[in-house]
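Comments concern the structure below.
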Amino acid sequence: MFLEKQVIIYVKNIWRLKMGKDLNGKELGRGITQRKDGRYMGRIHIRGSKKEVTLYDRNLKMLKNKVNTYRALAGTSQWDIRMTVTEWFEQWMEIYNVPVLKATTIRNYWDGFKRIQPLIGDRRVIDIKSNNILNALYVLKENGYAQTTIKHLQY
């Protein structure tokens, strides 16, 4: 009985070690931490993949949303690590956005994606780096798109 309680306490302590914390020591959730520069970082390990996925955002709520979306997609049989950005966007829209968003919001998402699709749409999701996104935004700026349009694509 005593040994059983120690094992349970030990397991609980390991679980607590996996809980990420912010700079003030507040628990943020499993796999989510706050970096010294203030950005939040979420780490996700997908079973069957050797790579660990790391997501970043300055907004904790947005990061948790990204992490949950990524975990949900990774848990479906539709998720493939070799998926292109266009394939991922189409599935993301179909599964998460079309059932709950207004038609005008859906149209705005599609219009925004069509602007960057020629630049990064054929790349694999796992190969996209921040410099690919920055380069795409730079190309849009050079093509004469308004700063507000480019800013909306960043979200």
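Keep in mind it's a predicted model, so treat the numbers as computed, not measured. Here, residue 1 is the first one in the sequence, and each next residue gets the next number.
Within a 6.0 Å sphere centred on CZ of R43, other residues, nucleotides and ligands contribute 12 heavy atoms or fewer. Around OH of Y138, the count of heavy atoms belonging to other residues, nucleotides or ligands within 6.0 Å does not exceed 12.
Under the 4.5 Å side-chain contact rule for hydrophobic residues, Y56 and M62 do not share a cluster. In the hydrophobic cluster analysis, where Ile, Leu, Val, Met, Phe, Trp and Tyr join through side-chain heavy atoms closer than 4.5 angstrom, I106 is grouped together with V85.
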What do the steps show when you test L28 against Y40 for side-chain contact (heavy atoms from CB on, under 4.5 Å), and what is the final call? CA-CA 10 Å; L28 300 174; Y40 294 97; 3.9 Å; yes
Would you please test N131 and N135 for side-chain contact (heavy atoms from CB on, under 4.5 Å) and show each step? CA-CA 6 Å; N131 63 344; N135 186 36; over 6 Å; no
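Expressed to the nearest 0.5 Å, how far CD of Q91 lies from CD1 of I95 amounts to 5.5 Å. For the atom pair N59 CG and N65 CG, the distance stands at 9.5 Å (nearest 0.5 Å). In this structure, the separation between CZ on R115 and OG1 on T149 is 5.5 Å, given to the nearest 0.5 Å. Note that the CH2 atom of W88 and the CE atom of M83 stand 10.0 Å from one another [nearest 0.5 Å]. Note that CD1 of I32 is 6.0 Å distant from CG of L60, once rounded to the nearest 0.5 Å. Distance check: L119 CG to N132 CG gives 10.5 Å after rounding to the nearest 0.5 Å.
Salt bridge D57/K66: present, at least one basic N to carboxylate O contact under 4.0 Å.
A side-chain donor-acceptor contact under 3.5 Å links Q34 to the backbone of L23.
Remark: Q147 engages no residue in a side-chain hydrogen bond (donor to acceptor under 3.5 Å, both in side chains) (not counting sequence neighbours).
Minimum heavy-atom separation, T86 to Q117: CG2-NE2, 3.1 Å. Minimum interatomic distance between V67 and G42 (heavy atoms only, all atoms of both residues): CG2-CA, 4.2 Å. R39 and D37 make their closest contact through N-OD1, 3.1 Å (heavy atoms, listed as atom of the first residue, atom of the second, distance). In terms of heavy-atom proximity, M93 sits nearest to P99 at O-CD, 4.3 Å. Here the closest non-hydrogen pair linking M41 and T54 is CG-CG2, 3.5 Å.
A side chain to side chain donor-acceptor pair (under 3.5 Å) check over residues 104-114, counting only residues at least two apart or in different chains, returns nothing.
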